[in-house]
Trainee: 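The structure under discussion is supplied below as C-alpha cells; questions concerning it will follow.
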Amino acid sequence: MSARFLAWIVLLLVLVVSLFDPSMAQGKKFACSYSPQKANSIGYQPEYIPLEVCTHVIFKSFDFPSFVGRQMLFSDNDKIAFSRVLTSVRKRSNSVRVVASIDGSSRAFTTTSGTLARRKAFVQAATALLLELDADTIELNWRVRHSLDVSTDRVTMITLLQDLRQAVNSANRSVKNRNRELWLRGSLDPNAIPGTYNVFDVCDLVDHVTLDQTTADSFENTHAPLYGTPIVVSKKAPEFIKLLGSVIYPNTGLYETTQQWLDDGCPPKKLLLGIGLYGVRKEYSARLRALVGDSATIRPAKGTYLQHYELCKTIREAGWTAGWDQYAYMPFVTRALQNDMEEHISYEDLNSLRFKMDLVAQKRFGGIFIDYIHSDDIYGNCGQAYSLTGYLYNRLLNTMSARFLAWIVLLLVLVVSLFDPSMAQGKKFACSYSPQKANSIGYQPEYIPLEVCTHVIFKSFDFPSFVGRQMLFSDNDKIAFSRVLTSVRKRSNSVRVVASIDGSSRAFTTTSGTLARRKAFVQAATALLLELDADTIELNWRVSHSSDASTDRVTMITLLQDLRQAVNSANRSIKNRNRELWLRGSLHPNAISDTYNVFDVCDLVDHVTLDPTTADNLENAHAPLYGTPIVLPAVAQTFIKLYGGVINPKTGFYETTQQWLDDGCPPKKLLLGIGLYGVRKEYSARTRALVGDRATIPPAEAKYLQHYELCKTIREAGWTVGWDQYGFMPFVTRALQNDMEERISYEDLNSLRFKMDLVAEKRFGGVYIDYIHSDDIYGNCGQAYSLTGYLYNRFDKHAREAVVNSVFAYGFSLPSELSTVNGTRKSTGKIERHKRKRRDLASAVPVTEKLKCARRGGAGSAGAAGSPASTPPSPQSGSGRDQQRRPVARMLLDPGPAKSVPTDDGRPPGGGGRGGPPGMGSGSVSTAAAAAAAAAAALSAAKGATDFSIAAIMALREGSSRSPLEAVFWIQLKQAWLWSGCCGDIEFRED
C-alpha cells in the first residue's frame, strides 16, 4: 500500500512542477474588471473575457441603489447586464468568481450608513446580489472625499462594513461549499488614507481591498507614478516654505501610498493593486509649466482617458516626442499645440508594468486587478492581442514560480530521503507502555523510541471507582500517565499519547447500563483529555465469552455513543487538536459475533486495536495465523463425524480479522496487535499424544515470558526447536519430570514476516506492539529492538524503493554500480547477483498462495525435514578467540538455539511437531555444528526479509555503535551524497 501511495505522491509532485499554476496555489488574484457600457461600444461581449487568465471578473458597476419606501433597489438594467456576464462566466468556468461592484459617492454611502433604516435596507439589497443574482463577491466602490469632513466616512464606513460582514457570513452558512466575500475599493490618495479609513478595522472586516489607481494624486506629471515627483523650492519662495528644505518629496507615488496601507495594519495578502490599461491626456500652458511645473499649478490640467487600444494608435501619429519619467517610472509623449499650449499623454507599457509587478512581488500583495480587460489591445491592432494583459499574467506566475518550485524540489528530496510512508497514509505504529512492568526492569519513559512510534499507549488506567455521584481514577495512575505524557511531549510534537482504560466486562456493563454511572464515566474519561491532555481514549473492555455476552452488545453501543459526543465536543473546544476514541477488540471467534455490533462499533470509534492476548487459548501457538485443524479419532460419535474427519476451527488471525471485516469494519480502522512475548505451557505428554492440547479439560495454564528474557531462556540446554505449520510460529519443547512436557511458543522475524504480510494484504490501519519494553531492549541476545525495528521497517521498505525509482525515472539517473547498502562501488559480479536476487523476489508467490501452500504442505515428516533441498549450507566456524574479540557481531550472528525457518515458498521446513531445524531431524540441540547451522539459517532469513536487517549487519560489521534505525539513515544519506556529485572529492563523514 505504501509503495502505491508514494508512487502517486511523486506523480502528483511531478505534475505540480510541470503544469501547476503557482499563482492559484498561493491564492493570488488576477481580477479583470468589465464595464458593459464601455464594452458594448466596441462590440466586446462577455464571452470574449479570457477566463483562462482571470481568476475574478469584476462587474463595474451597479449604480448606487435608490431608496423606495423602506427598501433600496438596484436598477433593473444593471441586474440584467450583470446576469448576462454571470451566465457567460458560469457556462465556461467553474472556478472563476464574479464580483458585483456597487458604485457610489461618499455622500451616498455616508447618508445610507448613518441611519439604521437605510443601512438595513442597503444590506438587504446587497445580500440579494449574493442570494438572488448568485454573485460570489460584493465590492463597495466608496468614492471617498478629500475634504475636511472625511471623519464622517471614517465612522460610518466601519458600521456599514460590520453589518455587511454579518450578512455575507450568514449567506455562507446558508449555502455550503460557497465562500462569498466582501471587498472594498480603496483610495491611493495620500490624504484620503489616514483621514477616511480606519485601516486596521477595514482590513479586518473585508476579504480584499482593491487599490484604485485612478485615485492617485492628480497633480503628478504621470497618472500612476511609482514615486512622487520632488518639488524643487524656488529661491523666491517664502521663508516658511524654505524651512521644509530645498527639495520637497510629496510621497504621492504608489510605492509610498501602498506602504501607508501596510503601515496602518492591513495584511499585504488582502491588497490588490489596480493597474489601468489606459493613458491620460492633459493640456498645459507651456510657459507656465516651464516656471512652476504641473504639481505647482493651482488648478491642475484636466485629464482625458484614452483606452490602450486607441492610445497605441494615437501615439504613433506624427509630431509626438517620447519621454520617460524618471520618478514615476512611466513613459509619456508630448507635442506642441496652438496658443502656446502643450499636450501630454502618460501611459503604461511593458517597462512601466515591469516596475509595478516588481512592487507587487516585493510587498507580497494578494494580487492585482486590471481596469478594464477590454481596454487592452483586444483585437491586436497595434501588435499582439492582449499584450499588456498577457505580460501581467505571466509576471504574476513568474513572481512566485522560482520560490514555489524551489519548495517543490526540496519536498521531493525530503520525500525520497526521509519520508515515512506509514505516517503519510495515516498508518499507525502504536507502542504500548506499562509503567509497572517497565519500572521492574528500569525502563523509563525517556527510552521509548519516538522515532519509531506514532502513538504511545499508556497501559493502563484501572477502572474508575464510583464515589458519590462521580467516578474517579486512581491518583497513582494519573501521576504515572503524566510522567509518560511529559516525556513524550518534550521529545516530540507529533507522537500521540493514548490513555487506555482497563475494565472487566462486568464493570463496563454495570457502568453503561445506568444513566448516572454512564454519565459519571464519560465525565471521568473526558477529564483525561481536557485535564491530563491525553490525545486518545482507549476502552480495554475485556469481553466475556459466556451466554450473557448479548448484554455487552447492547450497553457497549450506548456508552460509545456518549463518549463519541464527548470527544467531538473536546475537539470543538480546542482547535487543531483531533482527539480520538479507540476500543480494544477481541480476536476470539466466539466473542466477535456475540459481543460486538461490529458495524456500529467501528462507526463510533476511530480505531479498534485487535488484542493478540484474546486469541483462542486452546491453540498450540498463542497467536496463530491459522487455527490448528482437529482430526477426529475413529471412536468419535456419529453426529460429530457429520462435520467431516477434519474440523477447521477458524480460530487463527487470518479468519478472526476477516470476521471483523466481513461484519462491516473498515480495514483502515483496525490495528493488529503483536505481542513481543512467548507463552509457556505444561502438558501431560501421554494425554497430549492421544487427544492433543485442544481436548484437555481444562487447557494448560499459560505463563507469559517477555522477549528479553525468552531469548535467553530458549538458549538453555535441552530445548527442541519446531515450527507450527498452521500457526506459522516457532516453538520449543522439552521434557519434564512425571511424564510432563513444557512448550514455549514465541515470535521471531519469520513469524512476524507472515503477520506483516497479513497486515499488508488486508490493508489494516497499522499495528500496535505489546509492549515496547518487552523487546530485547538492551541487546542481550543480539541487536537491540530487533523485532520492533523489523516491524517498523516493513512499513516503508517497498515505499522508499518506489519513490526513489519514480523520482530518478522522471529526470535523474541512478548509477547502477552503486551499492544499496553502503554507497560503495560494486564489482560486476556483485551487480549481477544483486539483479538476480531482485528478480527472484519479484517473482515470488503471493502471500495468500504462500499461506495456502504452507497449510497443504504439512511438512511435518522426518523425510521432509531431512531432505537435501532443505538443508542449509554450514557456515565456517570461527575460532573462540575471534568470537570473543567481536562480541557484538557474535550476539547478532549467533542468536542461540536453532530455530525452524520457513522455506521460500512459505512452507515450514523440518517438521511441524517436534522437528528441529532443516536437516537436523528431531531431538535435542546439543552440538555446536547444529547450533551454527541454525544460526546461519536464521541469518539468511534475516538478510532476505528486509533491508533493515542488512543495514544492521553492515553497521555491526563496520564496528558501528549505531542503532539499526541510525544505520539506515546514515546509509541513505551517504547514498544521496554520492549520487548528487555536488561536492567533488570531499569525503563523507558521519560525524
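Below, each value reflects all heavy atoms present in this structure, side chains not excepted, and no hydrogens, waters or symmetry copies. Everything numeric here is computed off the predicted structure, so don't read it as measured data.
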Trainee: Using every non-hydrogen atom in the two residues, find where Arg734 and Ala717 come nearest and quote the distance to one decimal.
Mentor: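 Distance-wise, the nearest heavy atoms are NH1-O, 4.1 Å.
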Trainee: Under 4.5 Å between any side-chain heavy atoms of Leu758 and Tyr654, yes or no?
Mentor: yes
Trainee: Heavy atoms only: give me the nearest Glu655-Leu625 pair and the separation to one decimal.
Mentor: OE1-O, 3.8 Å
Trainee: State which residues pass ring pair (Phe, Tyr, Trp, His ring centres under 6.0 Å) with Trp582; sequence neighbours excluded, sorted by chain then number.
Mentor: His455, His607
Trainee: Could you check whether the rings of Phe481 and Phe458 sit parallel, tilted or perpendicular, using 30° and 60° as the cut-offs?
Mentor: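 Answer is perpendicular, since the angle exceeds 60°.
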Trainee: Tell me whether the NZ or CZ atom of Lys428 lies within the 45° cone about the ring axis of Tyr768 and under 6.0 Å from its centre.
Mentor: no
Trainee: Do Tyr704 and His622 come close enough that some side-chain heavy atom pair is under 4.5 Å?
Mentor: no
Trainee: Test Ser774 against every option in Gln706, Glu709, Lys437 by the side-chain hydrogen bond (donor to acceptor under 3.5 Å, both in side chains) rule and name the one that passes.
Mentor: Gln706
Trainee: Which heavy atom of Ser432 sits nearest to which heavy atom of Asp770, and what is that distance?
Mentor: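 Scanning both residues completely, I find the closest heavy atoms to be OG-OD1, 2.6 Å.
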Trainee: Search all heavy atoms of Gly627 against all heavy atoms of Thr651 and return the closest pair with its distance.
Mentor: CA-OG1, 3.5 Å
Trainee: Answer yes if the side chains of His588 and Thr614 hold a donor-acceptor pair under 3.5 Å, and no otherwise.
Mentor: no
Trainee: For the residue pair Glu682 and Arg743, establish whether any side-chain heavy-atom pair is separated by less than 4.5 Å.
Mentor: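 Of all side-chain heavy-atom pairs linking Arg743 with Glu682, none is under 4.5 Å.
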Trainee: How would you list, by chain and number, every residue that makes a ring pair (Phe, Tyr, Trp, His ring centres under 6.0 Å) with Tyr778, sequence neighbours excluded?
Mentor: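 Partners of Tyr778 under the ring pair (Phe, Tyr, Trp, His ring centres under 6.0 Å) test: none.
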Trainee: Step by step, work out the side-chain hydrogen bond (donor to acceptor under 3.5 Å, both in side chains) result for Thr788 and Asp775.
Mentor: CA-CA 7 Å; Thr788 303; Asp775 202 353; 2.8 Å; yes
Trainee: Would you mind reporting whether Val679 and Leu705 have side-chain heavy atoms less than 4.5 Å apart?
Mentor: no
Trainee: State, yes or no, whether a side-chain contact exists between Leu787 and Leu752 at a heavy-atom distance under 4.5 Å.
Mentor: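 They are in contact (side-chain heavy atoms under 4.5 Å apart), so the answer is yes.
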Trainee: Would you find a donor on one side and an acceptor on the other, under 3.5 Å apart, between the side chain of Ser487 and the backbone of Val484?
Mentor: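 Looks like no, no N/O pair under 3.5 Å.
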Trainee: Can you list the residues that meet the salt bridge (charged side-chain N to carboxylate O under 4.0 Å, His left out) rule with Asp477, with sequence neighbours excluded?
Mentor: none
Trainee: Between Lys681 and Ser745, is any pair of side-chain heavy atoms under 4.5 Å apart?
Mentor: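 Of all side-chain heavy-atom pairs linking Ser745 with Lys681, none is under 4.5 Å.
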Trainee: Taking only residues two or more places apart in sequence or in another chain, which ones pass side-chain contact (heavy atoms from CB on, under 4.5 Å) with Gln659?
Mentor: Pro589, Ile592, Ser593, Asp663
Trainee: Kindly give the heavy-atom pair with the smallest separation between Asp502 and Ser460, and that separation in Å.
Mentor: CB-OG, 3.2 Å
Trainee: I'd like to check the salt bridge (charged side-chain N to carboxylate O under 4.0 Å, His left out) partners of Arg491; sequence neighbours left out, ordered by chain and number.
Mentor: none
Trainee: Take Cys431 and Ile457 through the test side chain to side chain contact (heavy atoms under 4.5 Å, CB included) and record every step on the way to the result.
Mentor: CA-CA 6 Å; Cys431 306; Ile457 303 178; over 6 Å; no
Trainee: Can you confirm if the aromatic rings of Phe429 and Tyr792 lie within a centre distance of less than 6.0 Å?
Mentor: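 Distance test on ring centres: under 6.0 Å, yes.
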Trainee: Check the pair Thr609 / Asp611 against side chain to side chain contact (heavy atoms under 4.5 Å, CB included), numbers first and verdict last.
Mentor: CA-CA 6 Å; Thr609 50; Asp611 191 353; over 6 Å; no
Trainee: With sequence neighbours left out, what residues match His773 under ring pair (Phe, Tyr, Trp, His ring centres under 6.0 Å)?
Mentor: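 Once residues adjacent in sequence are excluded, the partners of His773 under the ring pair (Phe, Tyr, Trp, His ring centres under 6.0 Å) criterion are Tyr433, Tyr443, Tyr771.
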Trainee: Give the ring-plane orientation class for Phe728 versus Trp723, where under 30° counts as parallel, over 60° as perpendicular and anything between as tilted.
Mentor: perpendicular
Trainee: Cationic tip of Lys762 within the cone over Phe653's six-membered ring, i.e. under 6.0 Å and within 45° of the normal?
Mentor: no
